[in-house]
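Worksheet for the structure shown next.
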Number of protein chains: 2
Amino acid sequence: MTGRRPTLKDVSVLASVSIKTVSRVINNDPAVAAGTARRVQAAIEELGFRPDPVARSLRVGRDDAVGLIVENIADPFMSEVTCAVEEVARERGMFVVISSAGYAPENERVVVGGLANRRVAGLILTPTSGDHSYLAAERLRFPVVFVDRPPIQYDADTVVVDNEEGARVATAHLINHGHRRIAFVGDRLHIYTTRLRYQGFRSAMARAGLPVDERLVRVDAVGPENSAIAMTQLLELADGPTAVLSANYRSSLGVVRALHQSRRTDLAHVSFDDFTGAESLDPPVTVIYQDPRRMGRQAANMLFDRINGDTSPPRRVLLPVRLIVRGSGELPPPENA
Amino acid sequence: MTGRRPTLKDVSVLASVSIKTVSRVINNDPAVAAGTARRVQAAIEELGFRPDPVARSLRVGRDDAVGLIVENIADPFMSEVTCAVEEVARERGMFVVISSAGYAPENERVVVGGLANRRVAGLILTPTSGDHSYLAAERLRFPVVFVDRPPIQYDADTVVVDNEEGARVATAHLINHGHRRIAFVGDRLHIYTTRLRYQGFRSAMARAGLPVDERLVRVDAVGPENSAIAMTQLLELADGPTAVLSANYRSSLGVVRALHQSRRTDLAHVSFDDFTGAESLDPPVTVIYQDPRRMGRQAANMLFDRINGDTSPPRRVLLPVRLIVRGSGELPPPENA
DNA sequence: AGTAGGGTGGACAACGATGTCAAAGGAGGA
DNA sequence: TCCTCCTTTGACATCGTTGTCCACCCTACT
């Protein structure tokens with residue numbers, strides 16, 4: 001018991017074979033006689049030998065780990081995606097190292113570099129940078145799969161939900177319940193998901209022949225606090241909205257807060273993306289549900305296929321979303337509207 | 001442009017010096033003449049050379065990365081802890097690799113081994129296993145800091161919040177508002193945090209000279225669903241509670257759901273741990289707030305101190321919690337109670 | 001009997017960095 | 001002028017693993 005980890009060499013001495021033979025046994029190389037293999041196995045067990053992944057990485061140029069880069073671990077949607085990726089990786093005997101890029105776009109490149117340097121076998125990336133052409137320049141030695149948002153100036157496998165259709169369904173749902181003055185609350189339009197959801201909103205309004213009052217469109221509300229302010233301002237309008245579509249869970253939290261604080265829980269509301277407690281609110285919040293686990297599993301499976309040699313052209317997978325009716329989205333407009 | 005990453009060798013050829021001299025420049029070894037250093041620097045820049053952390057790890061035995069192991073990334077409290085750890089690491093120029101152990105206790109050891117093999121310089125661990133004596137046997141070459149829960153059968157730095165005091169404060173708050181029949185809803189008592197919060201609850205009741213009705217203690221409610229069921233059953237009791245303390249955010253979500261579904265939002269409720277949307281509920285939920293960012297920063301700083309050579313005896317840091325009054329915890333008991 | 005061939009096993013180099021040690025070169029003193 | 005000493009630099013081994021290539025031994029065929 002020296003405190004030093006056993007190495008191939010220690011095993012080889014104990015088993016009276018060469019280092020290389022031990023290496024062969026570990027890698028299931030058939031060119032080892034059964035008796036020798038048994039002896040080596042016994043020595044491995046006795047010493048509790050585990051191959052050193054760092055040395056292996058250096059030699060082979062690849063680790064048995066995949067990287068996952070998220071914008072912010074604390075985002076509940078991405079947390080679920082992460083769990084799903086880990087599940088799939090565990091099934092395949094791979095290790096997942098997670099790293100978060102934060103909201104500074106230039107950070108993404110640093111983090112990608114950090115994981116690339118550590119020789120991950122593949123990468124799942126939630127893009128935050130506005131330009132991924134640097135990935136081509138890096139001549140990555142491993143596949144990359146994008147989740148939640150597509151890459152920009154770069155071509156790779158991508159898994160996204162049908163943001164536009166989801167927003168269209170949500171908006172049509174409100175229209176079907178008699179609403180004509182529908183507000184849209186989201187963060188910035190340069191964010192992919194927000195932009196597509198906004199397009200879906202406009203598209204549904206246009207199909208119903210309804211005008212969009214630009215004063216009811218707030219695509220400047222970053223975070224719950226600003227969304228709450230934006231919603232409060234909308235409520236103060238003389239001819240305010242009778243319904244609101246919030247573009248993501250952070251906006252939704254702000255909208256909900258504003259509605260409760262203003263005691264205007266009579267206003268119809270649909271949230272794009274479910275959030276914790278949405279069903280416990282009064283009224284419970286009707287949402288567009290996007291399945292994070294499915295997204296994670298899909299992305300992970302695509303990544304492992306690539307790692308295992310799939311060289312078909314990059315695919316873009318569009319996952320469906322679905323409306324969960326809970327109450328807030330079915331409130332009628334006031335009589336006099 | 002070969003697509004191959006430049007190595008020390010490439011730089012040394014370009015700068016017409018030996019590999020070792022380049023290595024010296026990178027590590028700021030003063031024994032390099034200024035002119036040589038400049039030439040080498042220029043070559044480094046020209047090739048865009050970055051030292052390979054894997055090779056460095058192999059030689060030095062340590063990576064510029066620290067590991068963070070959580071039970072489940074999707075837990076919002078741990079997500080915040082994670083963010084804080086990343087912030088501190090970024091300040092110190094270190095990389096964080098996160099890995100989640102899941103709820104199977106035996107997994108913890110596997111994940112610790114995985115990170116140890118990858119030569120992390122230190123580890124922050126949210127323990128899930130019931131016995132950490134294996135850490136002593138592993139003769140880890142790096143320091144470990146425990147967060148949220150202390151280690152078992154092992155001695156190491158630990159950062160936890162004052163669970164018992166928090167629960168005592170919450171319970172006393174309800175008692176001060178006139179409640180005598182207070183229910184406790186949590187998951188299992190073998191979970192450290194639940195156990196201490198339960199002790200705090202009993203301790204506050206005892207101090208007030210109030211009996212604890214065992215039928216009002218539900219420490220068998222794992223997850224929101226079961227907590228909702230438990231709460232519903234409590235409401236059905238002939239002499240049910242007039243107030244409830246929920247032991248964590250998952251239990252709280254269940255309790256809130258049950259209260260809303262039963263239209264019993266008149267029942268007083270304090271949640272141990274804040275949760276998203278708690279302030280938008282009707283009534284807004286009074287909570288015991290434990291500061292995850294502070295916990296993360298504290299743990300990270302302790303870890304980096306250890307990495308930098310601090311060999312003082314292990315410390316246990318107890319972080320304070322605070323009551324956030326929002327409404328649900330101040331509801332009075334019914335008149336006839 | 002000699003040799004061809006397949007099944008085994010080992011010696012050696014390599015991955016990319018750093019530690020050890022010694023050599024080269026210039027400055028300064030006797 | 002020569003020797004010493006210090007600064008600067010490089011050759012080599014090393015970390016733990018795997019790829020390449022070759023040597024050996026036994027069987028089996030000509």
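We name chains A, B, ... by the order of the sequence lines, and we start the count at 1 in each one.
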Is there a side-chain contact between Pro314(B) and Thr158(B) (heavy atoms, below 4.5 Å)?
no

Can you name the residues that form a side-chain contact (heavy atoms from CB on, under 4.5 Å) with [X], not counting sequence neighbours?
X         : value
Asp291(B) : Tyr289(B), Arg293(B), Arg294(B)
Val120(A) : Val97(A), Leu115(A), Phe142(A)
Ser312(B) : Arg306(B), Asp310(B)
Leu8(A)   : Ile19(A), Val22(A), Ser23(A), Ile26(A), Phe49(A)

Any side-chain donor near an acceptor of the partner, Ser79(A) and Thr82(A), under 3.5 Å
no

Tell me which pairs pass side-chain hydrogen bond (donor to acceptor under 3.5 Å, both in side chains) where either residue lies in residues 24-45 of chain B, with sequence neighbours left out.
Asn27(B)-Arg56(B)

Enumerate the residue pairs fulfilling side-chain hydrogen bond (donor to acceptor under 3.5 Å, both in side chains) with a member in residues 60-77 of chain B, sequence neighbours excluded, ordered by first and then second residue.
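Applying side-chain hydrogen bond (donor to acceptor under 3.5 Å, both in side chains) to every pair that reaches into residues 60-77 of chain B, excluding sequence neighbours, yields Arg118(A)-Asp63(B), Glu71(B)-Arg149(B), Asn72(B)-Tyr103(B).
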
Heavy-atom contacts under 4.0 Å between residues 29-39 of chain B and DNA chain D, which residues?
Ala31(B), Val32(B), Ala33(B), Thr36(B)

[N] [atom2] sits how many Å from [X] [atom1], rounded?
X         : N       : atom1 : atom2 : result
Asp63(A)  : dG16(D) : CG    : C1'   : 14 Å
Asp10(B)  : dC15(C) : CG    : P     : 11 Å
Asn117(B) : dC15(D) : CG    : P     : 18 Å

Sequence neighbours left out, what passes ring-ring contact (aromatic ring centres under 6.0 Å, His included) with Phe95(B)? Give chain and number order.
none

Please round to 10 degrees the angle between the axis of the first five pairs and the axis of the last five pairs in the helix from dA1(C)-dT30(D) to dA30(C)-dT1(D).
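For the helix from dA1(C)-dT30(D) to dA30(C)-dT1(D), the axes at opposite ends meet at about 80°.
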
Letter per nucleotide, 5' to 3', of nucleotides 17-24 of chain C [B base touched, S only sugar-phosphate touched, - untouched; heavy atoms, 4.0 Å]
BBBB----

Determine the contact category for Val17(B): base if any of its heavy atoms lies under 4.0 Å from a base atom, sugar-phosphate if only primed atoms, P, OP1 or OP2 are that close, otherwise nothing.
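Sugar-phosphate: the residue Val17(B), judged by heavy atoms under 4.0 Å, touches backbone atoms but no base.
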
Respond yes when some side-chain nitrogen or oxygen of Thr21(A) is under 4.0 Å from OP1 or OP2 of dG10(C), and no when none is.
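Checking Thr21(A) against dG10(C): at least one side-chain N or O falls below 4.0 Å of OP1 or OP2.
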
Which pairs with one or both residues in residues 92-107 of chain A pass salt bridge (charged side-chain N to carboxylate O under 4.0 Å, His left out), sequence neighbours excluded?
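Salt bridge (charged side-chain N to carboxylate O under 4.0 Å, His left out) check on residues 92-107 of chain A returns no pairs.
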
According to the salt bridge (charged side-chain N to carboxylate O under 4.0 Å, His left out) rule, which pairs have a member within residues 119-133 of chain A, sequence neighbours left out?
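Every salt bridge (charged side-chain N to carboxylate O under 4.0 Å, His left out) pair that includes a residue of residues 119-133 of chain A, provided the two are not neighbours, is Arg119(A)-Asp52(B).
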
